[in-house]
Amino acid sequence: ITFFLYFSFQEHESDDDSYEVLDLTEYARRHHWWNRVFGRNSGPIVEKYSVATQIVMGGVTGWCAGFLFQKVGKLAATAVGGGFLLLQIASHSGYVQVDWKRVEKDVNKAKKQLKKRANKAAPEINTLIEESTEFIKQNIVVSSGFVGGFLLGLAS
């Protein structure tokens with residue numbers, strides 16, 4: 001897979017945009033640090049650090065993820081709850097009339113479709129779970145730090 005980055009430079013003499021194309025595969029071949037970090041044979045880079053450093057790295061990234069998850073979750077819950085409350089007020093006031101039989105029919109139809117898709121997606125989900133489990137086993141120190149930091153981020 002080849003990725004390209006396009007950079008736009010505004011020239012002072014004209015209003016035309018000119019673009020420079022940067023081929024990331026060539027860039028990675030010329031810059032060895034990029035290969036070490038993102039290359040196919042890079043291996044777990046975290047293993048090069050001490051256990052304490054791995055726990056701190058996992059904890060900090062976990063805390064950031066947990067904190068963001070908490071904030072986004074509160075925002076989503078507020079939006080969904082507020083929207084539901086507004087719909088209930090509008091329905092009670094007579095602005096909106098809900099056809100509950102149609103809603104029930106659509107929900108049942110959606111349940112059937114989800115069951116069909118869940119049965120088809122089971123092999124992909126099992127593969128994803130196996131890969132995730134293998135990753136966690138290989139990076140147990142960082143993973144445990146991440147989980148601890150994530151829980152702290154949710155609590156803060």
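The first residue of the sequence shown is numbered 1, and numbering continues consecutively from there. Below, each value reflects all heavy atoms present in this structure, side chains not excepted, and no hydrogens, waters or symmetry copies.
- Under the side chain to side chain donor-acceptor pair (under 3.5 Å) criterion, T61 pairs with no residue at all, not counting sequence neighbours.
- In this structure, I89 belongs to a hydrophobic cluster whose other members, linked by side-chain heavy atoms under 4.5 Å apart, are L85.
- With sequence neighbours excluded, the residues satisfying side chain to side chain donor-acceptor pair (under 3.5 Å) with S156 are W63.
- Every residue two or more places apart in sequence or in another chain that forms a side chain to side chain contact (heavy atoms under 4.5 Å, CB included) with I140 is listed here: I136.
- Interatomic distance, K105 NZ to K109 NZ, rounded to the nearest 0.5 Å: 7.5 Å.
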Donor-acceptor pairs are to be reported for all side-chain atoms of residues 72-81 against protein atoms at under 3.5 Å, with residues two or more places apart or in another chain.
from	atom 1	to	atom 2	distance (Å)
T78	OG1	K74	O	2.8

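- Among residues two or more places apart in sequence or in another chain, the side chain to side chain contact (heavy atoms under 4.5 Å, CB included) test is passed with I129 by I125, T133.
- With sequence neighbours excluded, the residues forming a side chain to side chain contact (heavy atoms under 4.5 Å, CB included) with K111 are V107, N108, listed by chain and number.
- For Q113, the CD atom sits in a packed shell: over 12 heavy atoms of surrounding residues, nucleotides or ligands are nearer than 6.0 Å.
- Identified under the ring pair (Phe, Tyr, Trp, His ring centres under 6.0 Å) test for residues 134-156, with sequence neighbours left out: F69-F150.
- With side-chain heavy atoms closer than 4.5 Å counting as contact, directly or through intermediates, the hydrophobic cluster containing V56 also holds V60.
- Taking all atoms of both residues into account, the shortest heavy-atom contact from Q70 to L154 is NE2-O, 3.3 Å.
- Every residue meeting the side chain to side chain contact (heavy atoms under 4.5 Å, CB included) condition with V96, not counting sequence neighbours, appears here in chain and number order: A90, V98.
- Atom-to-atom distance recorded for E134:CD and E131:CD is 9.5 Å, nearest 0.5 angstrom.
- Grouped with L87 in a hydrophobic cluster is no other residue, since no side-chain heavy-atom contact under 4.5 Å to another Ile, Leu, Val, Met, Phe, Trp or Tyr is found.
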